[in-house]
Visitor: 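Here's a structure for you.
Throughout, protein chains are lettered first and strands after them, A, B, ... in sequence-line order, and every chain is numbered starting at 1.
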Protein chains: 2
Amino acid sequence: MKISKEQVAENRQAVLDAAATLFRERGFEGVTVAEIMKTAGLTHGAFYGHFASKDDLIAQTCTHALAPFSAEDAPVVGIMDFADYYLSAGHRDDPGQGCIFSSLGTEAVRSSDATRHTLTESVRHRIENFSQTAPGKTATERRQAAVGSWAAMVGAVMLSRLVDDKELSDQLLADTRAWLEKSQAKK
Amino acid sequence: MKISKEQVAENRQAVLDAAATLFRERGFEGVTVAEIMKTAGLTHGAFYGHFASKDDLIAQTCTHALAPFSAEDAPVVGIMDFADYYLSAGHRDDPGQGCIFSSLGTEAVRSSDATRHTLTESVRHRIENFSQTAPGKTATERRQAAVGSWAAMVGAVMLSRLVDDKELSDQLLADTRAWLEKSQAKK
DNA sequence: TGTACATCAGTGAACGCGCGTTCACTGATGTAC
DNA sequence: TGTACATCAGTGAACGCGCGTTCACTGATGTAC
């Protein structure tokens, strides 16, 4: 039952896609290798032909999921434009397709060196990207605005998902957005 | 080998203390029941005399660890005073004694109803507390400042622990603090 | 106050399930002639 | 171009370890008389 080279590449992408969604929805430890392979349309035995271990998959999944944002030519995005998406109910309610930091942040602290390194570089890119349009007279001020604003978004979405009261959850998102808007306006 | 009532109460507290530290350091799933009991000076078999399950322990540990902040007479604390502690290297480097949201936030999303409810009430209290001294003309503005500022702190500490570059980690904390200070100052 | 006995917190061996990982086998692909 | 064979991605049964949980047993506490 040998498979064509194209099919192999497709299968590999399917596994990475399935892992990217499932990990963000249920955490690295909340999803089994067998479940990921099944979602990708394969059996668990095929897993080790593609990846050295579950940890290896985690690292490669992070790289895979963050690729669009880490590209050198990634589009510059304004903080408030980003906030409109990031602090939306849609993003909160669909972690599987959302930001990896607000869905896996506290677990990733204890992940492999490779995973943490990928995430670190992504943090750097995100800050550099936001810094280009952030308010402030100096580069330092703009970077501070970029870091502070993004940290607030990540924290707010994480808390909004945690809370068991929809009203409070909505308020966390809306209040953070309002506060960001005011902070941006003032230079 | 029956034990005195005082000793039973002490043992229970020791288990909760051990769990509170270990969970924050290594995550709910990264610590075993046996390890917690050993840290508390007991054997794993005694666990089920105190708690119905590991999930029950998690819920009670959250209540235990958050008790000081959830009390009705908890002291009102200024946002920047709190930020001085929260965004310090000391807090970042000692998650075992630190804020539960920045160490367990993304895992807690998938925890039991009881755990999430305890955390929700704690979020509410924290916001109410900060709102009392937050800047703003109206109650709404003050609440927005409280929510946005706290979200930024939680996000910043989580990211600062995640990153594998000490310089970037320090910068995340310092930039967030600087940005918070500026945002507080303006009204 | 002293003695006999029931209680029950803690012990540690054992259970059983789930999960990451391995491996002998299959059969379609793609190469050699 | 057609045929024979080697390759190797995928299959699914099996392994083994770790962890949450259970349970028969122990022996100090505290109560009854």
Side-chain angles (χ1 to χ4, degrees), chain A residues 1-23 25-62 104 107-108 110-115, chain B residues 1-23 25-62 104 107-108 110-115:
Chain A
M1 189 163 145
K2 191 174 177 182
I3 253 74
S4 73
K5 281 194 172 181
E6 298 77 45
Q7 189 61 53
V8 171
E10 271 178 42
N11 288 346
R12 188 191 154 83
Q13 290 302 308
V15 174
L16 286 170
D17 288 338
T21 299
L22 290 171
F23 282 152
E25 284 176 354
R26 310 221 300 272
F28 293 131
E29 295 177 13
V31 185
T32 66
V33 166
E35 198 169 7
I36 292 164
M37 294 304 282
K38 189 175 179 185
T39 303
L42 298 167
T43 56
H44 64 278
F47 179 79
Y48 293 87
H50 291 285
F51 304 96
S53 63
K54 189 181 180 184
D55 261 2
D56 179 36
L57 170 68
I58 289 172
Q60 295 205 40
T61 299
C62 286
L104 291 164
E107 292 174 62
R110 294 173 291 275
S111 60
S112 69
D113 288 352
T115 299
Chain B
M1 191 163 143
K2 191 174 179 181
I3 252 76
S4 71
K5 282 194 171 180
E6 298 77 45
Q7 188 62 53
V8 171
E10 272 177 43
N11 288 347
R12 189 192 153 81
Q13 290 302 307
V15 174
L16 286 170
D17 288 339
T21 299
L22 290 171
F23 283 151
E25 283 175 355
R26 309 222 299 273
F28 294 133
E29 294 176 12
V31 185
T32 65
V33 166
E35 198 170 7
I36 291 164
M37 294 305 281
K38 190 175 178 184
T39 302
L42 297 167
T43 56
H44 65 278
F47 180 80
Y48 293 87
H50 290 285
F51 304 96
S53 64
K54 189 181 180 184
D55 260 1
D56 179 36
L57 171 67
I58 289 172
Q60 295 206 39
T61 299
C62 287
L104 291 164
E107 294 175 63
R110 294 173 291 274
S111 60
S112 69
D113 289 351
T115 298

Visitor: Minimum heavy-atom separation for A:Y48 to A:S53, with atom names?
Guide: CE2-CA, 4.0 Å

Visitor: Over all heavy atoms of both residues, which pair between B:S111 and B:T115 is shortest? Give the atoms and the distance, please.
Guide: OG-CG2, 3.3 Å

Visitor: What is the distance from NE2 of A:H44 to C1' of D:dC15, rounded to the nearest Å?
Guide: 11 Å

Visitor: Can you sort out which residues in residues 6-15 of chain B have a heavy atom within less than 4.0 Å of DNA chain C? Ascending by number, please.
Guide: B:V8, B:N11

Visitor: Using a 3.5 Å limit for the pairing distances, which stems of at least 3 consecutive Watson-Crick or G-U wobble pairs does DNA chain C take part in?
Guide: C:2-33 with D:2-33

Visitor: Output, in order, the C-alpha distance, side-chain angles, deciding distance and verdict of side chain to side chain contact (heavy atoms under 4.5 Å, CB included) for B:Q7 and B:N11.
Guide: CA-CA 6 Å; B:Q7 188 62 53; B:N11 288 347; 3.0 Å; yes

Visitor: Of the candidate nucleotides C:dT21, C:dG10, C:dT29, which contains the atom at the shortest distance from the side chain of B:A46?
Guide: C:dG10

Visitor: Take atom CG of B:L57 and atom P of D:dT21, then tell me their distance rounded to the nearest Å.
Guide: 10 Å

Visitor: To check you understand the geometry: which heavy-atom pair defines the closest contact between B:M37 and B:V15, and what is its length?
Guide: SD-CG2, 3.8 Å

Visitor: Stepwise, does the side chain to side chain contact (heavy atoms under 4.5 Å, CB included) test hold for B:F51 with B:L16?
Guide: CA-CA 10 Å; B:F51 304 96; B:L16 286 170; 3.9 Å; yes

Visitor: Is B:H50 touching bases, backbone alone, or none of the nucleic acid, heavy atoms closer than 4.0 Å?
Guide: sugar-phosphate

Visitor: For a quick check under 3.5 Å, do B:Q13 and B:D17 share a side-chain donor-acceptor pair by atom type?
Guide: no

Visitor: In whole Å, I'd like the distance from the NZ atom of B:K38 to the C1' atom of C:dG12.
Guide: 14 Å

Visitor: What closest approach, in Å, do B:A40 and B:A18 show between heavy atoms, and which atom pair accounts for it?
Guide: N-CB, 4.2 Å

Visitor: Pick the nucleotide of DNA chain D nearest each of A:L42 and B:S4; which residue has the one closer to the 5' end?
Guide: A:L42

Visitor: Which heavy atom in B:E107 sits nearest to a heavy atom in B:E29, and how many Å separate them?
Guide: OE1-N, 4.0 Å

Visitor: Provide, to the nearest angstrom, the distance between the CD1 atom belonging to B:I3 and the P atom belonging to C:dA9.
Guide: 9 Å

Visitor: Check the distance between D:dC23's C1' and B:F47's CZ and give it to me in whole angstrom.
Guide: 17 Å

Visitor: Give a yes or no answer on whether the side chain of A:R110 reaches the backbone of B:R26 with a donor-acceptor pair at less than 3.5 Å.
Guide: yes

Visitor: What N/O pairs connect the protein and nucleotides 17-20 of chain D at under 3.5 Å? Give each pair on its own line.
Guide:
from	atom 1	to	atom 2	distance (Å)
D:dG20	OP1	B:K54	NZ	2.7
D:dG20	OP2	B:V33	N	2.9

Visitor: Under 4.0 Å, counting only non-hydrogen atoms across every strand here, what does A:G49 touch: a base, just sugar-phosphate, or nothing?
Guide: nothing

Visitor: On a heavy-atom basis, which atom in B:V33 and which in B:F47 lie closest, and how many Å separate them?
Guide: CG1-CG, 3.5 Å

Visitor: When rounded to the nearest 0.5 angstrom, what is the spacing between OG1 in B:T32 and NZ in B:K38?
Guide: 9.5 Å

